[in-house]
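Step one of this worksheet: look at the structure below.
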Amino acid sequence: MDLVPLSRVRALLAPDPGTGTEPGAGPLLARLLSAAELVASRTPGGAPDPSGIAGRLAAKEAVFKLLGSVGKPVPWQGIEVLRGPGGRPGVRLSGRAAELARTAGIGPIDVSISHDAGFAIAVAAATATASVPDRPVSDRPVPDRPVPLDQ
């Protein structure tokens with residue numbers, strides 16, 4: 001699961017006064033989204049769609065978390081979130097992201113994306129395709145009682 005504020009996306013879309021780039025043409029956004037995702041993240045009028053972009057970024061982060069590759073760079077271009085049948089979001093993995101999924105024994109990935117009140121949220125889920133050796137999830141011990149949220 002991941003949450004992305006639309007304000008973060010709007011900052012990515014703002015023109016750079018030093019270079020005179022158009023909104024949505026920033027190099028960072030082109031590193032985070034594939035060419036197909038950039039096309040799919042436009043309104044019918046052709047303008048960048050901040051909520052669509054935020055949803056895709058949240059979905060990519062949720063998928064990366066599912067791959068269990070903590071402490072490694074996110075393979076942004078290897079995780080594509082595109083429209084599937086009926087407009088439902090679909091995930092396509094390639095390169096290092098596909099390799100991480102194979103190593104983790106993860107099968108097809110489904111995502112759900114929602115937008116509300118200035119945020120986009122996404123959840124990713126997958127089925128296991130093969131057993132993988134036990135690996136530590138965290139160095140922190142699992143508490144035997146609930147931990148208060150302020151700790």
Side-chain angles (χ1 to χ4, degrees), residues 1-128 135-140 146-151:
M1 177 185 312
D2 197 65
L3 179 76
V4 173
L6 269 63
S7 60
R8 184 171 120 197
V9 172
R10 286 188 187 101
L12 289 173
L13 292 172
D16 183 348
T19 63
T21 58
E22 295 296 318
L28 180 58
L29 200 54
R31 284 195 337 234
L32 300 176
L33 299 176
S34 71
E37 289 173 311
L38 287 169
V39 169
S41 298
R42 296 220 167 252
T43 65
D49 175 19
S51 62
I53 293 168
R56 278 188 172 77
L57 293 176
K60 285 177 171 243
E61 284 277 2
V63 168
F64 183 69
K65 291 172 183 175
L66 188 67
L67 299 177
S69 187
V70 178
K72 296 182 182 174
V74 176
W76 290 103
Q77 292 288 325
I79 303 170
E80 285 185 293
V81 180
L82 299 166
R83 288 187 187 105
R88 200 175 100 203
V91 176
R92 181 170 54 195
L93 301 179
S94 63
R96 195 167 76 75
E99 182 182 321
L100 290 170
R102 278 190 299 277
T103 301
I106 292 174
I109 299 172
D110 288 316
V111 293
S112 178
I113 303 171
S114 186
H115 318 84
D116 192 26
F119 292 91
I121 189 167
V123 176
T127 55
R135 62 177 191 240
V137 175
S138 171
D139 293 336
R140 290 177 48 181
V147 177
L149 292 176
D150 61 347
Q151 289 186 356

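With hydrogens and angles ignored, the 3.5 Å screen pairs a side-chain donor or acceptor of Gln77 with a backbone N or O of Leu33. Between the Arg56 side chain and the Val81 main chain, a donor and an acceptor come within less than 3.5 Å of each other. When atom types are taken as modelled, the side chain of Arg83 and the backbone of Ala40 share a donor-acceptor pair closer than 3.5 angstrom.
Ser112 and Asp110 form no side-chain donor-acceptor contact under 3.5 Å, judged by distance and modelled atom types alone.
Considering CG of Leu66 and CD1 of Ile109, their distance stands at 5.5 Å, rounded to 0.5 Å. Considering OG of Ser41 and CG of Leu13, their distance stands at 9.5 Å, rounded to 0.5 Å. Going from atom CD1 of Ile79 over to atom CG of Leu57 covers 11.0 Å, rounded to the nearest 0.5 Å. Atom CG of Leu93 sits about 9.0 Å away from atom CG of Leu100, to the nearest 0.5 Å. The structure places CG of Leu6 at 11.0 Å from CG of Leu12, a figure rounded to the nearest 0.5 Å. To the nearest 0.5 angstrom, Arg42 atom CZ is 7.5 Å from Ile53 atom CD1.
Counting heavy atoms of neighbouring residues, nucleotides and ligands inside a 6.0 Å radius, atom CZ of Arg96 exceeds 12 of them.
For the pair Ile113/Ile121, no side-chain contact is recorded, criterion being any heavy-atom separation below 4.5 Å from C-beta on. Side chains of Asp49 and Ser51 form a contact here, defined as non-hydrogen atoms less than 4.5 Å apart. Side-chain contact check for Trp76 versus Lys60: some heavy-atom pair is nearer than 4.5 Å.
For Gly78 against Ala97, the heavy-atom pair with the smallest separation is O-CB, 3.4 Å. Heavy atoms only, all atoms of each residue included: Ala122 and Ala58 are closest at CB-C, 3.6 Å. Contact between Gly55 and Ala120 at its shortest, heavy atoms only, is N-CB, 3.5 Å.
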